Amino acid sequence: MKIRFTAAEEAFRAECAAWLNEQISGPFADIRGIVSQTFRAEQRMEWERALGRARWSVIGWPEKYGGRDASLAEQVIFAEEYARSGAPGRVGHLGTELAGPTILHFGNDLQCERFLLPIARGEEFWCQGYSEPNAGSDLSNVRTRARLEHGPNGPEWVIEGQKIWTSLAQFADWCFVVCRTEEGSKGPAGISYLLVPMKQKGVTVKPIRQMTGDAEFNETFFDGARTKAEYCVGKPGEGWKVAMGTLAFERGVSTLAQQMTFRNELDLLIAAARENGAAKDPLIRQRIAEAWVGLRIMRYSALRMLSRATSGSLGAEALTYKLYWATWRKKLGELAMDVVGAPGELCTDEGYGLADLPYLYLFSRADTIYGGTNQIQRNIIAERALGLPKESRGDR
Amino acid sequence: MKIRFTAAEEAFRAECAAWLNEQISGPFADIRGIVSQTFRAEQRMEWERALGRARWSVIGWPEKYGGRDASLAEQVIFAEEYARSGAPGRVGHLGTELAGPTILHFGNDLQCERFLLPIARGEEFWCQGYSEPNAGSDLSNVRTRARLEHGPNGPEWVIEGQKIWTSLAQFADWCFVVCRTEEGSKGPAGISYLLVPMKQKGVTVKPIRQMTGDAEFNETFFDGARTKAEYCVGKPGEGWKVAMGTLAFERGVSTLAQQMTFRNELDLLIAAARENGAAKDPLIRQRIAEAWVGLRIMRYSALRMLSRATSGSLGAEALTYKLYWATWRKKLGELAMDVVGAPGELCTDEGYGLADLPYLYLFSRADTIYGGTNQIQRNIIAERALGLPKESRGDR
Amino acid sequence: MRFAFTEDQNLIRETAREFLSERASIAQLRKDITRPEGHDPALWQAMTRELGWAGIALPESTGGSGLGMVELAILLEEQGRCLYGGPFLASAGIASALLLESAASETRDALVSRLASGEASAAAAITGDTGRSDELAVAAELIERDGRALLQGHASFVLNGHTADIFVVVAHDRRTGKSGLALVAIGAGVWGLEIKKLAAMDLTRPYARLVFKDTPPQAVLADGGTPCAARGLQIAQVALAAEQLGAMQTVLELTTGYTSQRVQFGRVIGSFQAIKHRLADMMVVCEAARSAVYYAACVVDEYRADPSSGAQELAEAAALVKVQCSAGFHEVAGNAIQLHGGIGFTWEYDTHLFFKRARATINLLGHPQHHRERIASLIGLDASMGAP
Amino acid sequence: MRFAFTEDQNLIRETAREFLSERASIAQLRKDITRPEGHDPALWQAMTRELGWAGIALPESTGGSGLGMVELAILLEEQGRCLYGGPFLASAGIASALLLESAASETRDALVSRLASGEASAAAAITGDTGRSDELAVAAELIERDGRALLQGHASFVLNGHTADIFVVVAHDRRTGKSGLALVAIGAGVWGLEIKKLAAMDLTRPYARLVFKDTPPQAVLADGGTPCAARGLQIAQVALAAEQLGAMQTVLELTTGYTSQRVQFGRVIGSFQAIKHRLADMMVVCEAARSAVYYAACVVDEYRADPSSGAQELAEAAALVKVQCSAGFHEVAGNAIQLHGGIGFTWEYDTHLFFKRARATINLLGHPQHHRERIASLIGLDASMGAP
């Protein structure tokens with residue numbers, strides 16, 4: 001057990017830091033430090049193509065798919081330097097962090113060849129078709145259906161249904177859609193994992209305005225949307241396993257990048273506290289210290305999780321991770337409001353513009369909901385890590 | 001809606017304060033301010049007989065049963081003055097607060113005549129036979145059985161079984177015992193509410209030592225214990241309703257006396273904080289203020305509850321009361337330890353003697369358990385006050 | 001001592017609820033907040049001129065109903081239920097409390113009369129750009145020039161200030177021979193006053209920022225007004241808390257309703273203990289707030305009946321009720337979003353309106369932390385330490 | 001960077017767990033705490049002389065194993081699991097850390113050798129009757145008389161002090177020309193030293209109170225010892241946290257086991273979400289503590305490898321780990337009592353032993369509040385405020 005990086009790793013850090021800083025203080029200075037997921041999306045997609053060209057987009061992937069076969073330590077370092085440079089969150093993260101790893105792990109050669117390089121190069125962006133209006137916490141209650149049709153373009157899946165909370169769908173070229181392909185099936189059985197093009201007539205994206213005033217999330221309607229028969233990951237009817245596998249990738253190296261965002265937020269909060277004198281308040285000091293402790297622990301837990309992941313097993317720290325960070329960030333948002341005080345209540349413009357910390361406060365209320373509510377996370381921890389009995393369903 | 005007392009009521013206050021102070025600084029000075037429920041029990045039982053003689057023991061009861069037909073305001077006033085005088089908690093409280101009101105409300109004339117005056121006069125003490133080793137939170141899972149036998153003394157109930165957490169059983173002359181009188185019945189049906197003499201061969205009391213080192217609670221074994229057939233409150237087999245009625249009396253005027261105890265504890269804590277300088281600590285100040293707020297709110301809620309009770313209905317504030325005070329006191333205990341600091345960790349003698357505040361800290365951990373755990377209280381609130389679905393049982 | 005509402009008080013509540021449910025639903029609120037006034041002036045007229053609500057706790061001598069804080073609290077609670085965003089709290093709850101605490105005078109009574117009749121609404125200007133509630137945060141100054149008193153400086157976070165006719169301003173008194181705070185009334189149309197509406201995170205109710213440039217006061221209501229301002233604001237805290245109580249009760253009901261209908265895993269989600277118990281905790285908070293508000297309202301009435309003996313209890317109850325209702329409302333509204341899941345986070349659904357109102361009212365009239373510290377002083381934690 | 005245990009480290013853990021489960025069950029603990037020593041001397045001998053545990057992190061030159069804090073933390077975690085109450089934490093965890101931070105000298109190495117071999121145990125005397133962890137709480141003084149250094153004053157809350165052979169004492173240095181703290185070693189049998197065993201609420205481990213009456217030190221280990229003491233205590237915090245981690249993990253397992261078997265309402269109570277979710281939260285706390293402890297142990301080893309570059313990180317990690325493990329252990333142990341219901345509150349059942357240990361370790365080496373304030377300073381919240 002050691003936490004120090006080797007000299008070679010530190011050299012790698014210098015290399016990627018230099019490249020990132022050059023780019024982000026140069027051609028991409030406009031997008032530095034953006035918090036919102038949707039702001040200046042076009043420029044950010046251009047940035048992600050630049051990352052792809054320099055092979056910095058998915059360094060942990062195999063070289064032939066655009067990666068660098070980077071070690072865990074190198075991935076950790078890159079994630080840290082990426083965030084430190086002020087580079088913004090990635091519009092393509094659902095491709096690089098979820099779709100890509102899923103295809104790499106569960107997909108066949110054809111799918112790998114077709115999809116991975118465009119993800120790596122920032123040429124194709126992705127979104128996630130999981131939740132439905134009646135399948136929120138109860139993900140397996142999928143009602144979106146797909147049937148195989150033999151038409152002029154060969155065999156194709158035809159998809160009908162509605163997904164919700166599809167973030168970044170407005171920018172996506174592809175969506176990985178969980179849908180029911182076996183008539184009359186219930187629960188996890190009979191579900192398939194399809195890769196569906198978004199830019200087609202049968203797909204409609206309707207933004208959902210959130211309490212922040214922004215609209216990162218969408219409703220996505222599939223109304224006779226089509227995709228090739230071969231774009232089913234895993235066997236038809238066995239997509240649930242693949243879908244759950246995707247969720248496991250959420251606990252990957254990208255958590256470190258996310259943490260660096262959190263760190264930037266905490267730094268912002270500390271700066272605000274120092275500026276307006278809140279940093280002198282003993283209660284605020286305690287709460288900032290507590291936030292700092294939580295963030296450090298997140299880092300340690302992520303390193304523990306990643307170090308173990310290389311050995312293939314998923315530990316308790318991985319199951320607790322989502323609950324931990326979501327709860328932490330919600331508290332950070334509340335602290336942020338107490339630090340900024342009443343001035344944080346005021347909009348910065350007529351269009352419901354909010355400063356970064358008040359925006360964080362509002363957005364953080366979603367953190368404990370999306371990607372599995374805190375309640376669902378506690379069920380998962382209790383059942384999978386502690387072996388307690390499963391919740392009883394009302395319907396089967 | 002008014003909170004001021006009338007001049008007549010203030011005169012009543014002066015009268016009872018004078019009597020109480022004379023007694024407690026005079027003949028009963030030895031028992032002033034005792035915290036433990038079991039310490040100097042004999043002297044305290046003597047004190048309760050003195051209360052009875054002066055008709056101060058159960059002032060809200062009818063005159064013919066030893067009371068004064070006192071109004072709610074007078075009862076509030078007496079409870080306040082009782083606690084203010086430093087008079088200790090009552091060994092007889094299970095009789096005056098639970099058994100008595102239950103018999104008065106659900107019992108017949110014969111039972112009232114037999115039992116109420118001895119309670120009022122401090123001549124007979126009571127304990128409560130509800131919980132069993134396998135019927136803790138699940139009270140209706142009663143296994144103690146009673147059958148009617150016709151013997152030389154006429155028809156009698158013969159009782160077999162075990163009760164647990166029977167506080168003050170070691171001092172009790174009588175126990176109100178919830179037991180199953182219909183063979184094969186389950187749940188609330190087939191339960192009877194019997195009044196059983198404790199000083200007989202078939203009853204064994206075994207103290208349970210608690211984490212405080214004290215033993216307020218007991219196991220009570222009924223092994224062929226007997227009581228007269230007529231000492232069944234309500235109809236045989238319909239005792240559940242009576243048992244639940246008893247619990248409702250826990251939310252009576254005695255809550256105000258309990259609050260005065262809490263107030264004494266908070267005062268003790270504040271004095272400690274002022275003495276050792278903890279009162280200068282901004283965090284401690286916030287927590288003490290919060291405790292003070294909670295205690296005040298308890299008082300207001302109790303007054304609201306009692307004012308409504310005179311109109312016969314039980315409001316939401318009554319259902320939330322136990323959860324509120326238990327949670328409050330547990331927090332008070334934790335605050336107490338932070339106020340006293342490390343010195344509070346030390347015993348005052350070799351026999352696991354603890355100072356009052358550390359004792360409170362330990363004892364308060366039981367508050368959220370006995371009389372319905374916080375979890376059970378939340379069920380009750382959600383189901384009865386908010387109308388949410390009942391928990392499903394595993395067995396019926 | 002009878003801590004329960006009278007028949008008359010219950011009737012006031014029923015009438016108010018009926019009226020508001022018809023005229024001031026949340027759907028209506030969403031429309032009204034887009035008006036330049038931020039609320040519906042016709043509704044405000046109906047409340048004040050027809051129903052006489054603005055004068056409910058004002059003396060009969062000024063045209064009010066001569067009832068008390070308990071009745072005013074009932075109206076505020078009912079308005080809180082529907083997040084009413086017009087100037088009722090600002091005018092009848094806060095500004096009126098300051099006016100009533102200031103020294104009796106004809107000018108004052110004339111102002112009060114205008115409020116009681118509904119002819120005018122008032123707003124209180126009590127803090128500067130920090131929005132804090134301590135004396136140092138006051139950014140208006142009353143100066144003297146050529147024997148005339150003039151206001152300078154600014155005030156911000158003036159609730160419903162952009163539509164007010166009268167401002168009650170708390171200012172540092174810098175006139176010759178004076179010190180402490182002064183309480184000053186000015187008219188909205190007066191020379192040297194700039195009023196700017198401020199958009200806020202809380203969509204239901206806007207603030208205004210006032211700039212004073214040698215603004216002449218209509219009246220100096222209280223010289224040496226520090227205690228008046230303090231008492232007036234304490235009473236205002238009770239008013240605000242009553243409104244918060246109504247809002248938190250609605251959001252609890254909204255959430256109970258939603259979780260009793262929403263099905264996941266083949267069960268209504270309200271059957272899951274994680275949901276049930278959270279709702280139970282929310283109810284505990286609401287009931288605690290309810291006890292605190294009703295009691296504090298009684299305390300205000302006791303104080304007004306006998307100011308000398310009631311002042312300590314008023315100070316305590318006002319701090320207590322602000323702590324309980326501000327922290328409680330935010331907790332309940334935050335939980336409401338959580339228990340609604342995704343939909344609770346959308347603009348279209350109402351939970352965020354409550355949540356943002358909760359957040360806004362945390363700072364309004366003093367953060368709970370400020371009031372806890374105040375309580376610590378009031379209950380003797382400042383007294384010098386010594387051997388026992 | 002590989003944040004996972006090596007094979008060797010896993011082996012150390014397995015061996016320790018096996019040994020302790022055989023020799024140091026909680027049933028055994030209940031017997032051992034009634035001995036005058038408060039623990040079983042034969043078990044202590046086996047740990048130290050046979051297994052060499054006391055020397056695991058001590059230099060090979062002094063007869064230790066020359067391993068590091070990670071290995072020591074493993075042993076402490078395993079001892080925490082069974083609430084071991086002998087002097088291991090006091091001697092190998094706390095006193096040894098202070099010794100290793102003091103200036104290298106033959107005397108010091110001789111003392112360390114005695115600890116490494118198990119021939120002696122040491123205890124640290126670092127605070128007075130307040131038990132606080134700030135410098136002002138130190139109640140021992142090192143004075144000079146006739147050219148000789150002497151200890152005066154007292155020390156309390158000396159963990160396992162009544163059986164210690166050596167005391168490492170932190171004292172105010174009042175000798176001519178000196179200031180700050182000094183680190184002093186004294187033998188238990190020395191002239192002018194009174195040792196009194198103190199019974200504590202925590203039944204598993206007693207304290208001692210020492211009174212110094214012109215007590216001659218065996219050695220002054222560090223002149224100007226303020227930084228040595230600070231660093232040594234930081235390392236000691238990591239040791240204590242490792243022990244807390246083991247204890248909280250056991251209490252979580254105990255509670256999971258109980259709630260998986262206890263039936264109420266015809267269901268195991270672990271099937272109720274109120275129980276499940278509380279257990280999940282307990283696990284979150286344990287896992288956070290685990291990450292913190294393992295990382296902090298690595299930080300200690302990094303610091304020892306390169307003291308100049310590792311000091312800031314050590315200070316941060318030590319404060320962090322104390323905050324997380326003290327607050328976390330108490331929370332987990334408190335919840336354990338709640339989830340056990342009535343039985344969890346009895347003397348006969350084990351939960352209270354954990355709960356009381358948790359409470360005792362909150363104050364030991366500094367309250368979490370103290371360490372949060374320390375963190376606030378470390379991360380720059382003290383720096384002067386100014387315009388941006």
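Quick note on labels: first sequence line is chain A, next is B, and so on, each numbered from 1. Bear in mind the structure is a predicted one, so any value in this text is a computation, not a measurement.
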Original post:
Regarding B/S137 and D/Q264, is there a side-chain donor-to-acceptor distance under 3.5 Å anywhere?
Top reply: no
At a heavy-atom separation under 4.5 Å, does [X] approach chain D through its side chain, its backbone, both, or neither?
X      : result
B/N374 : both
B/L346 : both
B/A215 : neither
B/I164 : neither
B/L139 : neither

**OP:** Check salt bridge (charged side-chain N to carboxylate O under 4.0 Å, His left out) between B/D214 and all other residues, then give those that pass, not counting sequence neighbours.
**Re:** none
Subject >> Members of residues 365-373 of chain D whose heavy atoms come closer than 4.5 Å to chain B >> reply: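 Answer by number: D/H367, D/Q369.
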**OP:** Report the C-alpha separation of B/N141 and D/F265 in whole Å, then their side-chain angles, then the decisive distance to 0.1 Å, and conclude whether the side chain to side chain contact (heavy atoms under 4.5 Å, CB included) test is met.
**Re:** CA-CA 8 Å; B/N141 190 30; D/F265 306 101; over 6 Å; no
Checking [X] against chain B: side chain, backbone, both or neither under 4.5 Å from a heavy atom?
X      : answer
D/Y349 : neither
D/L364 : neither
D/R132 : neither
D/T130 : backbone

Closest heavy-atom contact between [X] and [Y]?
X      : Y      : value
D/M201 : B/P358 : CE-CB, 3.5 Å
B/P133 : D/R262 : O-NH1, 2.7 Å
D/W347 : B/M211 : CZ3-O, 3.7 Å

Subject >> Verdict with supporting geometry, B/I208 and D/F345, side chain to side chain contact (heavy atoms under 4.5 Å, CB included) >> reply: CA-CA 10 Å; B/I208 302 172; D/F345 184 65; over 6 Å; no
Give a yes or no on whether [X] atom [atom1] has more than 12 heavy-atom contacts from other residues, nucleotides or ligands under 6.0 Å away.
X      : atom1 : result
D/R374 : CZ    : no
B/K331 : NZ    : no
B/R145 : CZ    : no

Subject >> Heavy-atom pair count under 4.5 Å with chain D, highest-scoring of B/Y370, B/F363, B/Y352, B/F217 >> reply: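 Highest number of heavy-atom pairs under 4.5 Å: B/Y352.
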Subject >> Audit row: B/R365, D/F355, side chain to side chain contact (heavy atoms under 4.5 Å, CB included) steps and yes/no >> reply: CA-CA 10 Å; B/R365 307 311 291 200; D/F355 181 71; 3.6 Å; yes
Could you check which of [options] has the highest count of heavy-atom pairs closer than 4.5 Å to chain B?
options                        : value
D/L203, D/V263, D/D129, D/I343 : D/L203
D/H330, D/H352, D/Q338         : D/Q338
D/A360, D/G131, D/A274, D/S271 : D/A360

Gap between atom [atom2] of [Y] and atom [atom1] of [X] - 0.5 Å precision:
X      : Y      : atom1 : atom2 : result
B/Q375 : D/L339 : CD    : CG    : 6.5 Å
B/Q210 : D/T346 : CD    : OG1   : 9.0 Å
B/E334 : D/I362 : CD    : CD1   : 8.0 Å

**OP:** Output, in order, the C-alpha distance, side-chain angles, deciding distance and verdict of side chain to side chain contact (heavy atoms under 4.5 Å, CB included) for D/I337 and B/I369.
**Re:** CA-CA 9 Å; D/I337 291 177; B/I369 294 171; 4.0 Å; yes
Original post:
What are the residues of residues 377-388 of chain B, in order of number, with any heavy atom under 4.5 angstrom from a heavy atom of chain D?
Top reply: B/R378
**OP:** Determine which pairs satisfy salt bridge (Lys or Arg N to Asp or Glu O under 4.0 Å) with at least one residue from residues 336-365 of chain D, sequence neighbours left out, and list them in order.
**Re:** B/D338-D/R359, B/E345-D/R359, D/R30-D/D350, D/D202-D/R357, D/E243-D/R357
